[in-house]
Every structure is written in structure tokens, then in C-alpha cells.
Amino acid sequence: MSEPQVTTDSRPVRVRMAPSPTGPLHIGTARTSLYNYLFARHVGGTYVMRIEDTDLARSTPEYELDIIENLHWLGITWDEGPQVAGGEDVGEYGPYRQSQRWDLYAREARRLVESEAAYHCWCTPDELEMVRRQQERDHEPPRYNGRCLSLTDADRAAFEAEGRKPAIRFKVPAEKVTFDDLIRGEVEFDNALLGDFVIVRGDGVPLYHFVVVVDDEAMQVSHVIRGEDHLSNTPKHIALIRALGYGEPRFGHIPLILNPDRSKMSKRKSQTDMTAFREQGYLPEAMVNFLAFLGWSPGTEEEIFTLEELAARFEIEEVHKAGAIFDKDRLDYLNGVYIRHLTDEQLALRLRPFLPSTLDDESVLRVVPLIKERLVRLGDATELVAFLTETDDDVASRYEPDMLVPKGRSSAEVAGALELALKTLGRLSHDDFAADELEARCRNAAEDAGWKPGDFFLPIRVAVTGRTVSPPLFGSMELLGRDRTLARLEAALRKLGAAEASHA
RNA sequence: GCCCCCAUCGUCUAGAGGCCUAGGACGCCACCCUUUCAAGGUGGAGAUCACCGGUUCGAAUCCGGUUGGGGGCACCA
């Protein structure tokens, strides 16, 4: 990794992730967190986690926990913030939840009002809504009309008497604002086009644009790396930074993750909850690898990287400008690659939560080689090994007699084949009931009966597993054991006979 | 409506003036392997580098415009 770097104004590198616990961890939030993490680790900076829970109505401790747990699951750690080690908050700039930092915001808001960089606004939400609608009708930009900027003391007293509680509005200086984005280069906005925006609500709750600026300064954040959806908010933040006399951090706006229709990835159109991916059995390593490449590439043809390797290679300047569609097929492919890279022991361990508790660890370990290269997600194992824990009756009820019959063969022929298999395998002792032995016997039997091996194995597979698609047949039979295998073959024969009888 | 950002195969991307008759990967198709399904192997289709104009001996790469897409403009974050 590189030497620790300093920013232009000589601040040590400190980046932060600032999720809002108003929902479970979103894929986009995870990727932004990852990029911040990779940047911090690459340059040897400090990574700060701050919970943006000023929206008391929508924030919950459960969502906060979901976000933190899933970030940890991905392997993303932070140096300062909530739950750094052993569940404890760590860091000298805490507390790290905005709901616990209101004194600071109140103080800074007061400073702004006293210096006349901000002012009280008595407009009600209804009034503002009406103005907005009128502006829309007149095809004017929807921004605050500045009514409360020039109020007389009498006006103010009248509002107070009405019982109105004033919000605090920031007086946006009408000037052009330029900044050098880490990813996009020089970007210019004209703040004269902006309306004065509210920084503290009438009920005293401070708002996002304000607290983010106050906290980034308080926590000495040097690089603000966030989603592109914040690009047009940046001039507001810079105006606030200047009014408050803060130091300006570097900004970097990373491209958005997109729905298949190229709109910003959303719950309505895509699966966005990390927990859902986790529950389906995506590996955190695969998810990290996949997310990292959504908007960045090392510039080579390598594509498999661990978190550590990513941190070693990641350059913020190489991050792309254009958004990237979340390509689930590619995630699936990567997940399979990572699953196949696991040792059998590692995979058995990871598979445990997806398998019935009635399946003992020894069996899990033995079934792993049979299913390993058939798994896209860990969760796929559930269906693949179900035949082991299902009862013989369950298995028999899964298929219709005609599923036992390969193309070009009759029920009677299949019955004959099944009988032959039964007779052949029945001669095997419990100890000889091993895959190699089973395969050899079945092949011989097929040949003797004049069957193609594949056709001969089909009814056996269906009888034994209840499915036309299964892990390798003979390994499956070995795991099932002699008695259950034979019982299932007999059951299949009975089903075939019964079907035959009802036809006759 | 206004402001800003973006633009290479369906998708993720390589590409920073000649190495590009544009490379890789996913997906798709075919074949091989094969007890099903996978995995693996081989091959293939797939991008006039959004378009139009410049600059240059030479442009996917630089500049301008157009078009298209996206984001933002809350007493949400």
C-alpha cells in the first residue's frame, strides 16, 4: 500500500461512510461504503462510520443494526464509529450518531443566524406547497421565494402569536461555485439558481445538508466520497462550509448502480437489500469482488480479487464516470467461482445454515464434493440434498410413474430394468454399497439388458432422488445407503405396477 | 421547466492519438467431455467505439455541437 497521503490543505486522510438507518443495507450504500473503505485502506487513511439518523421518524435501531452487521459481513471495518470492536463505539470525535449531536448543530445554526447567513422562516409546509405549485404553473424554477427574508418585527411577532415555530433557512449566496471532483474533475454550479433551503426544521430538527457539513468538519473528514446523486447538492454544502468558516474537503462522486432500465437502482425494480442476497447464499467475497468492479477496474484482465487485493490496487482516480447496471448473471457467475474455490471443509461449514439440522455434519462433508460445482448460491444446496433427508414416501410422492420412463422405452421395459437393478444391487452388502462399485454393477446390468447407460440410470435416479435432476447418481446412492436406496427402487416398481394396473 | 453529470458488444469493462481490421469477462449459440444437471474444454455470433462536424499525416481516444440516458432542484437522506 502507498504511503499515507495528505490533502491539499494538509489534513490527514479521513473518510467517512454516513448511512441513514431508514432501511436495511442497500446495495448502493454497500458499494459506496466499499469504495470509501478501499480508498482509506489504500492510502493508509482513517475510516469513520457515522449514523445519519436525524430523521427520527424513519430511523430505527433495527435498520442501524442491519446496516452495521451486513457491512461487517462483507468484511468492511471502520476505525472510528459505532460498534468498532466488541460492539463498542470508538473514536475521539464521537458520538457517532447524529441524534446524539444536537447541541453541536444547534450551536452552529445559532452562529449562522447571528452572522445573518441564515434566517428564521415562518412559512408553513402548506404555504410552501402552494408557492411551489404556482411556480410549476408559471414554469418557474421550484425554489423558495424569500418571503421571510424581509419580515418586519411586527410580522414576526404576529407569527409568534399564531403559535408558529420558525424553521431556519440558509441564505444561499448568489455566486458561482466551483470544485475539483476527484472523479469528474472541475465542476461548476451557479448558486444564484438555488433557493434558500431549510437547515433546521420548525421543531428544531436539523436537516441533512446542514448536519453533513457540520459533522464532516467536526470529524475532520478530508475526502467526501459519495454517490453521484449528491453531485448537485455539493454546491449547497460548499456554500454552507464557507459561511461556517470550515475547511473544504475534497469531493468525489462515484457513479450510480442502475436498474436494468438504467435508472437509479431501486427496491421497486431490483433486489437491493444486502440481507436478501446473504440469505440466498451469496458469498461476501463474491459480493465485494462484484461490487468493486461496478464502476472500477484495475485496468488489466484480472477479475478475481480479495478485499485486501482490491485495497492494494484501488485508485479513486480510476473510478468511472458512467453508471453501471447491476448484472445479476455476472454476480451469479462470480459466486460460483468463489464457491468452487472453497475447500470441501470450508464449503461444508458455510453450507450448514442452508441445510436441515437433521443432516449430520459427517453427511454434509460427504455430500459437498457431489454438489460443489453445481452451486450458484449456497442456498441451492437445500434442494440438491433434500433427497437425503426426505422420507421414502416424500420422495415417491414427488414423481409420477411416467417420469421414470425414458424416451423410446415402455413402462414394462422400465419395470424390467428396475427389477434388474434391484436384483443386482441387492446382492451388494451394506459395506460394498460404494459409488464405484454401484456404477460398475449398474453399467454391467445396463449392457446385459441392452440399454444405453443414460437411459438405464434415469429411472434409478428418479426413484432414488424423486427428481430428474440430481447430484451424481452413484455418490447419492452411497450416501443414502443400501436399505433406503433399495426401498426407493421397490417403491418405484410398485408405482409403475399400480399405474400399469389402472391402465389395464 | 432549470441546473449538473454521463455516453466502447445485451451487460460489466480494456483502451489515456498510430500496438484497434477495438481486447477480456458474463450472458447467448454450437461442439467436445458426460449417468441427469452442472462444472470444464474448444469454437462462434455479437460494438460502423451514440450522431454530426472540426483539430491532426493519423481519433474510440483531443475540441465543439446534436441526440439519448441519468441525477438533482423538500421543514427526506
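Since the structure is predicted, the reported quantities are computational estimates derived from the model, not experimental observations. Scope of the values below: all heavy atoms of this structure, side chains included, with no hydrogens, waters or symmetry mates. Per chain, numbering begins at 1; letters A, B, ... match sequence-line order.
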Applying a 4.0 Å non-hydrogen cut-off, can you work out what A:Ser263 is touching in the nucleic acid: base, sugar-phosphate, or nothing? sugar-phosphate
For B:G40, does OP1 or OP2 lie under 4.0 Å from any side-chain N or O of A:Arg340? yes
Test of ring centre spacing under 6.0 Å for A:Phe290 and A:Phe326: yes
Between A:Ser297 and B:A14, is there a side-chain N or O to OP1/OP2 distance below 4.0 Å? yes
By the 4.0 Å heavy-atom rule, please label A:Pro471 as base, sugar-phosphate, or nothing. base
So, is A:Lys321 near the phosphate of B:C6, with a side-chain N or O under 4.0 Å from OP1 or OP2? yes
Between B:U36 (P) and A:Leu384 (CG): distance, integer Å: 15 Å
Considering just the side-chain nitrogens and oxygens of A:Arg262, establish if one lies under 4.0 Å of OP1 or OP2 belonging to B:C12. yes
Residue-phosphate contact under 4.0 Å: A:Lys264 side-chain N/O, B:G72 OP1/OP2: yes
Can you tell me if A:His320 touches the phosphate of B:A14, counting only side-chain N or O atoms and a distance under 4.0 Å to OP1 or OP2? yes
Would one find a side-chain N or O of A:Arg201 under 4.0 angstrom from OP1 or OP2 of B:C76? yes
Per A:Pro142 side chain, nearest of listed nucleotides B:G1, B:G27, B:U35: B:G1
Base, sugar-phosphate, or nothing: which does A:Asn233 touch, judged by heavy atoms less than 4.0 Å apart? base
Mind checking if A:Lys176 touches a base, just sugar-phosphate, or nothing, with heavy atoms under 4.0 Å? nothing
Of the listed nucleotides (B:U35, B:C75, B:C37), which one gets closest to any side-chain atom of A:Leu473? B:U35
Rounded distance in Å between the C1' positions of B:G46 and B:A30: 15 Å
Suppose you measure atom C1' in B:C29 against the same atom in B:C19; what distance do you get, rounded to whole Å? 32 Å
Residue-phosphate contact under 4.0 Å: A:Ser20 side-chain N/O, B:C76 OP1/OP2: no
Using a heavy-atom cut-off of 4.0 Å across all strands, would you classify A:Ala167 as base, sugar-phosphate, or nothing? base
Mind checking A:Phe189 for me? I need base, sugar-phosphate or nothing, with any heavy atom below 4.0 Å counting as a touch. sugar-phosphate
Would you kindly check if the NZ (Lys) or CZ (Arg) of A:Lys236 is within the cone defined by 45 degrees around the ring axis of A:Phe197 and under 6.0 Å from the six-membered ring centre? yes
Tell me what A:Leu375 touches on the nucleic acid: a base, only sugar-phosphate, or nothing, going by heavy atoms under 4.0 Å. nothing
In terms of the nearest nucleotide of RNA chain B, which residue is placed more toward the 5' end: A:Asp327 or A:Asp190? A:Asp190
Less than 6.0 Å separating the ring centroids of A:Phe474 and A:Phe457? yes
Nearest-angstrom distance from the residue atom CD of A:Glu129 to P of B:C75: 10 Å
N/O (side chain, A:Tyr208) to phosphate O (OP1/OP2, B:A77) under 4.0 Å: no
When all nucleic acid strands are considered with a 4.0 Å heavy-atom cut-off, which category describes A:Thr465: base, sugar-phosphate, or nothing? nothing
At 4.0 Å (heavy atoms only), tell me whether A:Gly202 reaches a base, stays on the sugar-phosphate, or touches nothing. base
Would you give the length of the straight line joining atom OG of A:Ser270 to atom CG of A:Leu258, rounded to the nearest 0.5 angstrom? 9.0 Å
Could you tell me the separation between the CZ atom of A:Phe293 and the P atom of B:U13, rounded to a whole number of Å? 10 Å
Is the number of heavy atoms from other residues, nucleotides or ligands under 6.0 Å of A:Gln100 CD greater than 12? yes
Using whole Å, what does the distance between atom C1' of nucleotide B:G72 and atom CD of A:Glu228 come to? 10 Å
Might you point out which heavy atoms bring A:Arg16 and A:Asn36 nearest each other, and give the distance in Å? O-OD1, 3.4 Å
Apply side-chain contact (heavy atoms from CB on, under 4.5 Å) to A:Ile68 and A:Trp78, showing your working. CA-CA 10 Å; A:Ile68 290 175; A:Trp78 40 95; 3.8 Å; yes
Of the listed B:A25, B:C4, B:A77, the closest approach to the A:Val187 side chain comes from B:C4
May I ask you to say what A:His253 touches in the nucleic acid, namely base, sugar-phosphate or nothing, with a heavy-atom cut-off under 4.0 Å? nothing
Rounded distance in Å between the C1' positions of B:G72 and B:G65: 24 Å
Using the P atom as the point on both nucleotides, what is the distance between B:G54 and B:G15, in whole Å? 29 Å
May I ask you to verify if any side-chain N or O of A:Arg132 is less than 4.0 angstrom from the OP1 or OP2 atom of B:C75? yes
Euclidean distance, atom CZ of residue A:Phe251 to atom P of B:C5 [Å, nearest integer]: 16 Å
Figure out the CZ/P separation between A:Arg330 and B:G27, and round it to whole Å. 9 Å
Write down the distance between CD (A:Glu439) and P (B:U35), rounded to a whole number of angstrom. 7 Å
Whole-Å distance between B:G71 C1' and A:Asp229 CG? 7 Å
